[in-house]
2 protein chains.
Amino acid sequence: MSEPRRHERIADELRRAIADGHYPVGAALPSEAELAAAHDASRGTVRQAVAALLAEGLIGSRQGARRVVLSTTPSQSFTELRSFAQWARAGGRTAGGRVLASSWDVARTEEAGLLQVRHKDPVLRVLRLRTLDSEPVLLERTVYAEWIGSAVAALPEDCESVTQRLYDDTGLVLAHGEHHLDAVAAGTADADHLRLRRGSPLLRVRRTTTTAEGRPVETSDDRYRPGSVVFTVRNSTQTNPLARTRA
Amino acid sequence: MSEPRRHERIADELRRAIADGHYPVGAALPSEAELAAAHDASRGTVRQAVAALLAEGLIGSRQGARRVVLSTTPSQSFTELRSFAQWARAGGRTAGGRVLASSWDVARTEEAGLLQVRHKDPVLRVLRLRTLDSEPVLLERTVYAEWIGSAVAALPEDCESVTQRLYDDTGLVLAHGEHHLDAVAAGTADADHLRLRRGSPLLRVRRTTTTAEGRPVETSDDRYRPGSVVFTVRNSTQTNPLARTRA
DNA sequence: CAGTGGTCTAGACCACTAC
DNA sequence: TAGTGGTCTAGACCACTGT
């Protein structure tokens, strides 16, 4: 239960106080000096704590004025974003999944670039349907690099959390991700598996995931059935997680 | 040209070196001690600089190992995200825009909550079509709080950058935003103005923007024509800008 | 104007990685 | 085991906000 890092303790306490309504939206937080005294910490440690809340979009900060609460609802962590199963559990819903097809193939030009392998190197292609409370909500077309593909191919067909299993089996940690979001019309396969009409709008997320060292693991085309999932981004002039790019 | 903040100078130099290919994807950056010596700065200042690149998703960082380049393409800033005109200009394209309808109305329950005003308080509704190189790409349905609405209503109908004009006229700075992304089918009005068929997939971004103090300014339902714009998010286990939420 | 956050320094100790 | 990044301290000065 104990938290060894002091800045994390302070950040957690502030997050809790905000979530509990001690500081409603628009309210001013205690000054750095006050927080430092209250936690018997140096100013640098306090600043590290509030920087975390700043990055989460929970508070705003301007030179000369006290920090202000912007939102009382915490945003979820990368882990929940990456792992469909974990995110579903956090929301009190049951995640399911099933591999519809899986086969070794050769990397197309674009995939080779994303996975940092050579053109026509072997890759594992997996088509996976994910469900939420037994409703199909997401169709994943994932391409794995050869070095991790054999571990993926060995997983059971109805594996709930691929991320978790890969960590348990191989120690692999997915640390970084790049995501491109847009909308597309459902193709025949999409419509079939997600149980909607061809041409229906789908939210498409094309993503590439890498290890902590920056080594690409997988690249995927994920299509979400509308009405089931919404993506949320918070940003500020001080932080810039999201960007618009040409198609 | 000179940059007064030392940590910004160091960050800029690292960004430039990465963009120029001095450090390709996968390469290790100099150690903190080396950077500190090279820039005649303290370790704390160097850490502040690399923290910025970390938040941008350009580099990865793990205790005990040197920092590693994850991507060589910089992501754009919040300012470019917020201002359609500015973002277009940065990409070498010409932004246009036109107000299709504008009228005072009363706040609906949901809008009142987002704008932090009372139910049925007056609000300004604006329907705006934005173009890129004369092609319609985005239909905005924006609701402004009363206190800023009169300034918005006074703007010319073909105002290129509302954000810029509001800043010039009133000193207003849009500092924070919350964005919800999903896909919807084009309604009759959407199809008409964006010149596509009813039912076509659209990327919908519902957003609320606030001042630096956290005061809500506007809330908007933006619908992007597919194929014209893609949204990009980078994240890490160390940073968490994006979250998936239930619809 | 006093108070606040932004920047910067020069140390220290520890946990972890890579060799 | 040497080097690296993560944490923390105790100061300092400055730019800016609010009154």
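Protein chains get the first letters and strands the later ones, always in sequence-line order, with residue 1 at the start of each.
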For the residue pair B:Phe231 and B:Tyr224, is the inter-centroid distance of their aromatic rings smaller than 6.0 Å?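 Yes, they do, as the ring centres are separated by less than 6.0 Å.
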
Take nucleotides 11-19 of chain D nucleotide by nucleotide from the 5' end and write B, S or -, depending on whether a protein heavy atom sits under 4.0 Å from the base, only from the sugar-phosphate, or from neither. -B--BBSS-

Basic-acidic side-chain contact under 4.0 Å: B:Glu146, B:Arg118: no

Less than 4.0 angstrom from a charged side-chain N to a carboxylate O is my criterion; do A:Asp12 and A:Arg15 meet it?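 Salt bridge between A:Asp12 and A:Arg15, a charged N being under 4.0 Å from a carboxylate O: yes.
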
Euclidean distance, A:Thr45 OG1 relative to A:Glu8 CD, rounded to 0.5 Å: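 Between A:Glu8 CD and A:Thr45 OG1, I get 12.0 Å after rounding to 0.5 Å.
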
Gap between atom OG1 of A:Thr72 and atom CD1 of A:Ile18 - 0.5 Å precision: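 Separation between the atoms: 8.5 Å.
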
In whole Å, I'd like the distance from the CD atom of B:Gln48 to the C1' atom of C:dT9.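 The distance from CD of B:Gln48 to C1' of C:dT9 comes to 12 Å, rounded to the nearest Å.
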
Please state how far atom CG in A:Leu53 lies from atom P in C:dG5, giving the value in whole angstrom units. 13 Å

With sugar-phosphate meaning primed atoms plus P, OP1 and OP2, does A:Arg47 contact a base, only sugar-phosphate, or nothing at under 4.0 Å between heavy atoms?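 Counting heavy atoms under 4.0 Å across all strands, the contact made by A:Arg47 includes a base.
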
Assert: residue with more 5' nearest nucleotide on DNA chain D, out of A:Ala41 and B:Glu34, is B:Glu34

Starting from the 5' end of DNA chain D, give me the residue, B:Arg66 or A:Ser42, whose nearest nucleotide shows up first. B:Arg66

Among C:dG6, D:dG6, D:dT7, the nucleotide that comes nearest once only the side chain of B:Arg67 is considered: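 Among C:dG6, D:dG6, D:dT7, the one nearest the side chain of B:Arg67 is D:dG6.
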
Could you please name the option among D:dT4, C:dT9, D:dT9 that lies closest to any side-chain atom of A:Arg6? D:dT9

State, to 0.1 Å, how close A:Pro216 and A:Ala145 come at their nearest heavy-atom pair, and which atoms those are.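 Smallest interatomic distance, heavy atoms only, reads O-CB, 4.3 Å.
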
Please tell me if A:Thr45 has a side-chain N or O lying less than 4.0 Å from either OP1 or OP2 of D:dT9.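 For D:dT9, OP1 or OP2 has a side-chain N or O of A:Thr45 closer than 4.0 Å.
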
